[in-house]
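As the structure is a computational prediction, the values presented were derived from the model and not from experiment. Chain identifiers are assigned alphabetically (A, B, ...) following the order of the sequence lines, protein sequences preceding nucleic acid strands; residue numbering begins at 1 within each chain.
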Amino acid sequence: MFPGINGFVWDAGHSIFLGIFYAVILIVLTTLIRAWLLTARDFKSHREEDLGWHADFEDLPASARACRHELSGEVDSRMCPNRFDCRYCTDHPKFVAARARQQEAVAVPIPQTVAGFELPANRLYHRGHTWVRQEADATLTVGLDDLGTHLMGKPDRVQFPHTGSRVVTNGTGWYLHKNDVMVRVLSPVDGEVIAVGGPNDEWYMKVKPSPSASGTKHLLSVAEAGPWMLREVERLHIALAADGLGAALADGGAPIDDLTKAIPPSKLDDVCGLMFLEP
Amino acid sequence: MKSSANSGAIIKRRFGLVIDLDRCNGCGACATACAVENNVPPAFPEVNERTGLTWMRVYRAENGRTFPDSRTVYFPISCQHCGHDTPCVSVCPQNAVDINPQTGVVSQIPERCLGCRYCMAACPYHARYFNWFDPTWPAGMEKTLNPDVSVRMRGVVEKCNLCHSRWQVAKAKAAAAGKQDLDPADYTTACAEACPAKAIVLGDLDDRNSEASRAAKSPNAFRLLAKLGTDPKIYYRSNREWVRRLGDADVAQIESEASRG
Amino acid sequence: MTNVTRRNLLKLAGGAAIGFMASPMPWRLTDELAIWTQNWSWIPVPPKGEVTTRMTACSLCPSGCAVQARCIGGLPVSLRAPAGSAALCSLGLTGHHLPYHPARLLAPVRVTERADALHTNPVRLGEVVTETAAAIAAAKAGLGTVAVLDMRPGRSISWAWRSLLSGLPGGAVIAGPGREGASLATLERMLAIESGSLGLDFEHARTIVSFGAPLADGWGSPRTLQRLLGGSRGNVRLIHVDPLRSPTAEIADRWLPARPGTEAVLALGLAHVLIAENLVDRAAAAKAVDFERYSLLVSRVTAEKAAAVTGIAADAIIATAREIARAMPAVVLAGEDAGGGRFGRAAETAILGLNLILGNAGKGGGFLARPDLPAPFDSASLAPVQDLDQLPDRSVALLLIDASAGDAAFPWRVVERKLIAKGGLVVALSPFFAGTARHANLIVPAPTFLEAMFELPAGFDAPAATLGISAPLIAAREGGADPASFVRAVAAASRIDLPGAWARSEDLIKARVARIHRVGRGSVMSIADGAEKPLAAVATPDALLEALMGGAKWEDAPSPSVQSMKTMLLGDAAGELERISTCATAPKQSPQYPLTLLPRAPRDATASAVVSPVITKLYRESVLRRSPETAVLNPATARELRLRAGRKASLETAAGAIGVTIATSGSVMPGAVEIAVSPGAIALGDMHTAVKMEILEICAIDESGGWRQSAARLVEA
Amino acid sequence: MRHRGFLAFGIGLGTALFCGWIAFPYALYRQTEQPIQFSHKIHTGEKAGLTCEECHALTAEGRLGLPKLDKCAPCHSEPQGKTTAEKLLVDRYVSKGREVPWLVYARQPENVYFSHAPHIKLAQIKCERCHGPHGDTGSLRPFEQSRISTYSRDIHGRSVLPIRRTEWGSMTMDDCSRCHRERGVQESCLTCHK
Amino acid sequence: MLGIGLFAIGLCLIKGLNQTNMDNRFAFGLWIFLDLTVIALGAGAFFTGFLLYILRRDELRAVINSAVVLGFICYSGAILVLMVDVGQPLRAWFTFWHPNVHSMLTEVTFCITCYLAVLAIEYAPIVLRNRQLRKVPSFLVFEFELHKVMPVLAAVGTFLSFFHQGSLGGLYGVLQGRPFAYRDGFAIWPSTFFLFILSAIATGPAFVLVTTWAVSKISSKRLVQPSVYRILAMVSGWLLVTYVGFKGIDTLVWLNRTVPRTGAIPAQFYAWQPFGTWVLFAEIVLFGLVPALILIAGARRRSFALQLTGSLLACAGVALNRFVMTIQTLAVPTLKFEPFMLYWPSWQEVATFLAVAAYGVILYSLSFRYLKLFPHERDLQQY
């Protein structure tokens, strides 16, 4: 085994065999250590939220990962390669450009409600069912969209980040608690939390965008939000259909305000996980 | 300087046995003497011929004809102490088996053995035995154990080592007299010593004028499964042709009713 | 908060782990544990101490081989034959194990039978003595006779027994049935020699005609075997008559597999050819009183007829006869088998009669009369030494078994039928609760080999009387009883006063040695240096004793003469031989029992009631020797009877049945079943296996008390 | 919190190290006193002036070990001096003719065949090479035996680590074979194992 | 089952191996045979990893987790049994301390232990992905980083596996004392070295296929796309063809060159019932060529039934091959005058193995319950 141990001789057999053996051990160890170091580094650069989303996104069902441009019908089928962060997407600008040309041709009518869910025009929408409104004082108001609100109804408890703490796009925004189901709502934007509201207010958070934050490209315009919302409702239907809860979604035209009443608690967790993009 | 020269002096021997199958009448004294000499424990009630410990094992084989033409021969088989491509030495994962350069004896060190039994699968002579049970003697009989041989523990392999303890004793005796090499008269194996027919002879096969080496060169001498190329140091001899065919490997199978049942 | 403490615990554990890894503890522990597996407390540790070498002789069988013991701290750890003397058998090589044999008795016991298994309860020696005395009294009162079954006759203790019995009704010392050399008694009767006993002179024989004498399985002194096996076999030829392809048959120059039970016919056939072809010295033969009748009788048994009966080709018989005549002197043996016993009176007479027509009586290479060893003490009257068949059935009220120096294998029924129907008492002197002693009501533990002084009188095949002594190397175990002192005690208890001033066996032996010294004849052969010096040169009896204790042997001067009053070729078996000579065909097999059961055993399996447990190497851990639980058939026979090797079966005779495993071998005579009679589980030290009926108990016993063959059948389970 | 984490880690580490390095070796060995005290110094010194060989003599079979009583009896037929050891020796052993049941420090395990003969006679190795200079020790230290492996402590040496400060520190197989290799002795298992 | 098994294991460890029906002739018994089989089947782990990370067949991401868990179970189980199988488990570490580098067994021991470690590391991320555990950010991030270095480990694992699968074959191929097992070869490696590698990587995927199917049957969920099954079947099929080809050649060489040189006569090997020449036929054709063709056909025709039967046959084939190498080798006499022997495992042996099997099932079902063994499972629920 080691030189000096009785029976060890420096012959070819030993040298080769043990050489290989130690090499293997070494490689395995270095790989492990490397992984460890990288982990440490990631923590330094506070990437855990980002990586968390990274992992989550991979685990999302394909249906939830469709590119926004697929939703808007500009492309037949496309998986989002950038985890819904169009700011770093190479193709996104092209699509936008293309769209600009089209818009000259036909003006798209802007719907106010889709499948009974309101989509106010002055807001930008995030795939995690939050909306963002740019205020005059350059702060951003963040809220839960209509579907989200209907889905959760009135949460029992909301768990906010401390004011002054940072939120990152697709990182944790806040937590909603309802019938001991905890739902993590993704933050649509980067920035510093300056105020928190709640279910009673129309908004949930006011965020002061961080200087590094590069805009809101990644958020859906109300125009895009329409088809997206349709798709979301369809997803919701499928999720519920599994237990024949389809009906629960809408009685007559207007969706009922609190789906949690209609959805058995056992299923609620999954449904929320599905809709709020946490696998 | 002198001392190191003294202890460094190289003595190479190739001890082996030559067994005359025409003399052997299967009395089994060799097997018994071996067991006594090497502290091989008696059998548990559950033990049978497949789980026993017999460093020296006498096989009964027949010429395959039937009465009154049937003839019997006895093959005393111990470890064959292969000299070359020794099957067991190369396979042992932890060097519990090696060849003693001074005697050519293939050793088996129970203290190092982990009992994987790979060597047993490797040995074509089935000369290696596994301690399936804890070694036990009737109360008091441990007083009759040979202090020059350590008792093996359960779960390890053991086998003949040409009564190596006797070699050690003889060496010590020689050394006490200031001699490097032992006196051949002081070293013989228990089986050779016990054989009433003097059918077993121990000797240095390289020593041209040892009885063993001469017998090993006789035309009717052969080695078991010689064609495997393991160069065993145990020779057999018989004037009966069918016996030689039985012992060698390159003839058609001869039914052996004998070792059945 | 909980999360925090958990995390801390984790870190604690981590720290501890790293700490331990950085300390020698785990590594040393692993090492120590590995070493522990080498020194488990339950692995026996060999003794330590001074290495010494001591000489003695083996008392386990009549051969009395010289033994060199390697002792550690005074206790023997291995036995071997001294340089230049005959090698030891498996029994002798392991003799030093016997004192520790599981069947060893350490106190007198009463044997009771419960649930077809034997049990022992310890009793005090005193009780045994009083009960024996009571039985003697009862015998005197007319209940029956008193007999001693002596497994090793000729020892001086026999004189003690004989003087004890002399006053008692029908008192007689019975020599162990079927023991080696017993057949010589028949020859002695045919020669009616006046004094001494017959001895064999193998040394000068050029041909040995052995009727079933298992020379290679231990029969007679090992010297004979060595001569036969030795490279310089040269001038001695072996003709072996045996239905078994035995080791002896393997080394024989000519093997005559006569059908079991037809040996007498073969002998007569040979005699016929010898006489018809004038191959014998008629004049010498004619000295026999019944020569006329004999020659008339053998004239009926032509080679052809013998062939028809024995299954041996006529020309083979003729050729054999000529061979014998060509290589004289030719000694003819009616060999007993350690497991199969004697041929029976008639066959022995027919076989041994050949010696007389060959003129072997009193000839070198034949039979010599030799003076007996001197008695250890003089006694006015001594009970006779007899064969078992000379006792009337259902007569013995008290049977004392002296198995102190060894044992023999025979069906207990041959003895049992001599005992009175009930109320008979059997007392045994034996070191072991095994062998013959198991049939006793009371057993007194005698010392065994190496525990006490044993004397080794001549083997029957020595040309002259010899005496050796087996010196003790181990202190006798507590609770044992010396045979001689037991005799004394019994005598005292039943008010018989014994001649001679002796208390213990040693005294008897010493007395005898002194007598030998007084006789002054013969020479002393030392084992250590092989030197032979005349007895006259030994100054004192003690010097002689010392020499004998050191492994030397005293050998009487040979006297190559036989004074016989009248020679009888037909002995007292004329009638039977008449009948045999007239029946012209092979003995019929009954359809019910189609097989012939041949119980056999080598001497080293029967000479002692137990064998060392390591003998399992030969019987159970290898198939070199077949155990008593294995019945061996010829494959053809097995096919005929649809029996398969390896199957369990029940071996049945008219007398009973035992369970066996079937094995097949081409070396077995078709129609025969070979089976070993010994060693059973107990003899091998396995006391847990319940004792089943043993093979000898189901063997048929013929009119002359033999059990060599019986009709049997095998029924697969 | 972080800080407390390190504390916990430290505690774990500390205890483990203590157990491993100090407590363990102490717990591993069982100590037994020799039947009687004995001073090599007195016997080898000018008082008796004996050499090793005079008591530890080599026999014809090449055995060498502790002296038997017959070596002691001549001088110690009655007490030499007042010590209790002296008294014990005479009363309990010499007068009764009983051997002293010494506990052998350097006894090799069952599986080793060791003969002094080749080492003394052929290789001319001095006693001290392996046994150390205990020829001038004034008293006998207690005999220490591993509770698990039953080996005498002298086999693995005083230190729990396989580090030898002196040439004669320990008597493990590695020590034997190291010396053998230095001297070019042909080695194989059976050279020393039985 | 686990209980009885543990009891049996206890017996073997405390009373010794006399509890088994092994003997001096059958020094190896049921355990070794099954160990070899199990390890061969466990080859799926490294080979799928190899295909995925090295050859970048990304479809296989669907089964890699399951394959890794399977591998882990097979190897840990095998080592568990080995620990019971050796007479002195407390001395097992001698092999690392005093290794005889010329012994195939040493190679096996080193590789298998190393590879088990690697498997454990590969297992870690799968565990860390558990929904509860990933809530701990450090776990999550570590998992992420570990995932990035996975190809390296896969490579190492592949290397190790190739080696010890081979060494397991060499184990018997080098026994020149056993003409029945002895094979010529290249350099220090007998042909069995390579044949074992081939058969292992050929049946590994097949086994993955079988287990995946079984799991989806039991959980009545669709776990992977049919295409994945097809790929596995295709890979397995073609490798099997290659294997059978080489095996055929090897057998011919063995029968005509190797065996005669050792003085034995090939016919004798099959003279003893029940091991007639049918064994050879079954080994090469019935459970070699046939499944190979079935697998390929199945993959071509997109018939899952065929793929499954093929896989089952292939697994049976590798088992048979290992059986022949271990048990039959020992059963065939070498000396002329010794008998042919058979052996039946004792209940302790069977129970011990069943215990390991139970352990495997339990570990797997736990993994399946709490971990994400089949990433695509969720999508497939959708439609």
Side-chain angles (χ1 to χ4, degrees), chain B residues 23 25-29 31-33 35-37 39-43 45 47-49 52-54 57-60 62 64-68 70-72 74 110-111 134-147 149 151 153 155 190 193-198 257-261, chain C residues 37-38 40 42-48 72 75-78 80 86-90 93-94 96-97 100-102 216 222 225-226 229 245 247 250-251 257 613-618 620-625 630 634-636 645-646 661-670 685-686 688-689:
Chain B
R23 284 177 167 227
N25 68 327
C27 71
T32 313
V36 173
E37 173 71 23
N39 300 337
V40 184
V47 166
N48 59 23
E49 79 272 12
L53 295 166
T54 50
R57 186 189 188 92
V58 185
Y59 287 76
R60 196 195 310 100
E62 297 180 4
R65 318 265 300 280
T66 186
F67 191 93
S70 154
R71 296 290 175 269
T72 309
Y74 301 93
E111 293 74 33
D134 278 306
T136 39
W137 281 262
M141 209 180 279
E142 67 278 351
K143 290 208 252 345
T144 67
L145 294 181
N146 178 0
V149 180
V151 178
M153 63 293 303
E193 183 181 75
C195 181
K198 302 268 170 288
E257 290 284 347
S259 25
R260 302 246 173 111
Chain C
T37 65
Q38 301 167 9
W40 280 332
W42 58 89
I43 300 176
V45 179
K48 306 221 174 336
I72 305 293
L75 292 176
V77 298
S78 72
R80 66 189 73 176
L88 300 179
C89 62
S90 290
L93 285 165
T94 54
H96 60 304
H97 289 167
Y100 311 102
H101 193 282
L225 175 61
Q226 278 191 320
L229 289 173
R245 184 72 200 170
E250 285 291 340
I251 60 168
V614 300
I615 300 296
T616 51
K617 304 289 168 215
L618 311 185
R620 273 212 266 115
E621 296 180 74
S622 74
V623 288
L624 171 60
R625 291 192 188 176
T630 316
N634 185 293
T661 311
I662 300 171
T664 58
S665 162
S667 68
V668 180
M669 176 180 267
D686 170 11
H688 307 299
T689 314

Does any heavy atom of chain C fall under 4.5 Å from the side chain of Ala139(B), the backbone, both, or neither of them?
backbone
Options Ala87(C), Gly685(C), Ser90(C), Pro670(C), ranked by heavy-atom pairs under 4.5 Å with chain B, top entry:
Ser90(C)
Check against side-chain contact (heavy atoms from CB on, under 4.5 Å), Val36(B) and Thr94(C):
CA-CA 7 Å; Val36(B) 173; Thr94(C) 54; 3.6 Å; yes
What's the spacing between Asn146(B) CG and Ile72(C) CD1 if we round to 0.5 Å?
7.0 Å
Of the backbone (N, CA, C, O) and the side chain (C-beta and beyond), which part of Asp134(B) lies under 4.5 Å from a heavy atom of chain C, both, or neither?
side chain
Can you name the closest pair of heavy atoms from Pro44(C) and Leu145(B) and give their distance?
CB-CD1, 4.0 Å
Under 4.5 Å from any heavy atom of chain C, what part of Pro110(B) do you find: side chain, backbone, both or neither?
neither
Using side chain to side chain donor-acceptor pair (under 3.5 Å) as the criterion, list what pairs up with Arg620(C), not counting sequence neighbours.
none
For Glu62(B) and Ser665(C), test the side chains for any donor-to-acceptor distance below 3.5 angstrom and give the result as yes or no.
yes
OG/Ser667(C) to CZ/Arg65(B) distance, rounded to the nearest 0.5 angstrom?
14.0 Å
Decide yes or no for Trp137(B) and Pro613(C): does some side-chain heavy atom of the first lie under 4.5 Å from some side-chain heavy atom of the second?
no
Closer than 3.5 angstrom, by distance alone: can the side chain of Arg625(C) be matched with the main-chain N or O of Cys27(B) as a donor-acceptor pair?
yes
Using non-hydrogen atoms only, which part of Arg57(B) is less than 4.5 Å away from chain C: side chain, backbone, both, or neither?
side chain
Work out which heavy atom in Pro147(B) is nearest to a heavy atom in Pro47(C); give both atom names and the distance.
CB-O, 3.2 Å
Can you give me the closest heavy-atom contact between Tyr100(C) and Lys143(B), atom names plus distance?
CE2-NZ, 3.8 Å
List the atom of Tyr74(B), the atom of Pro247(C), and the distance in Å for their closest heavy-atom pair.
OH-CG, 4.2 Å
Go through it in stages, so that I can follow the logic: the residues are Gln38(C) and Glu111(B), the test is side-chain contact (heavy atoms from CB on, under 4.5 Å), and I'd like the CA-CA distance, side-chain angles, deciding distance and then a yes or no.
CA-CA 6 Å; Gln38(C) 301 167 9; Glu111(B) 293 74 33; 3.6 Å; yes
Any chance you could lay out the side-chain contact (heavy atoms from CB on, under 4.5 Å) test for Val47(B) and Glu621(C), step after step, and finish with the verdict?
CA-CA 7 Å; Val47(B) 166; Glu621(C) 296 180 74; 3.8 Å; yes
Which of Leu93(C), Val668(C), Leu624(C), Thr616(C) touches chain B most, by non-hydrogen pairs under 4.5 Å:
Leu624(C)
Ignoring hydrogens and angles, state whether a donor on the side chain of Thr66(B) or Asn634(C) is under 3.5 Å from an acceptor on the partner side chain.
yes
Applying side-chain contact (heavy atoms from CB on, under 4.5 Å), can you list everything that pairs with Pro222(C), at least two apart in sequence or on another chain?
Ser63(C), Cys65(C), Ala86(C)
For residues Ile43(C) and Met153(B), report the shortest heavy-atom separation together with the two atoms involved.
CD1-CB, 3.2 Å
Looking only at heavy atoms, which two atoms of Thr144(B) and His97(C) are closest? And how far apart?
OG1-CD2, 3.3 Å
Is Asn25(B) reaching over with its side chain to a backbone N or O of Ala216(C), donor-acceptor style, under 3.5 angstrom?
yes
Which answer fits Glu250(C), side chain, backbone, both or neither, if we ask what part of it has an atom under 4.5 Å from a heavy atom of chain B?
side chain
side-chain contact (heavy atoms from CB on, under 4.5 Å) with Lys617(C): which of Val58(B), Thr32(B), Leu53(B)?
Leu53(B)
Out of Gly52(B), Cys195(B), Gly140(B), which one racks up the most heavy-atom pairs below 4.5 Å with chain C?
Gly140(B)
Quick one: what part of Val40(B) sits under 4.5 Å from any heavy atom of chain C, side chain, backbone, both or neither?
both
Roughly how far, to the nearest 0.5 Å, is the CG atom of Asn48(B) from the OG atom of Ser622(C)?
11.0 Å
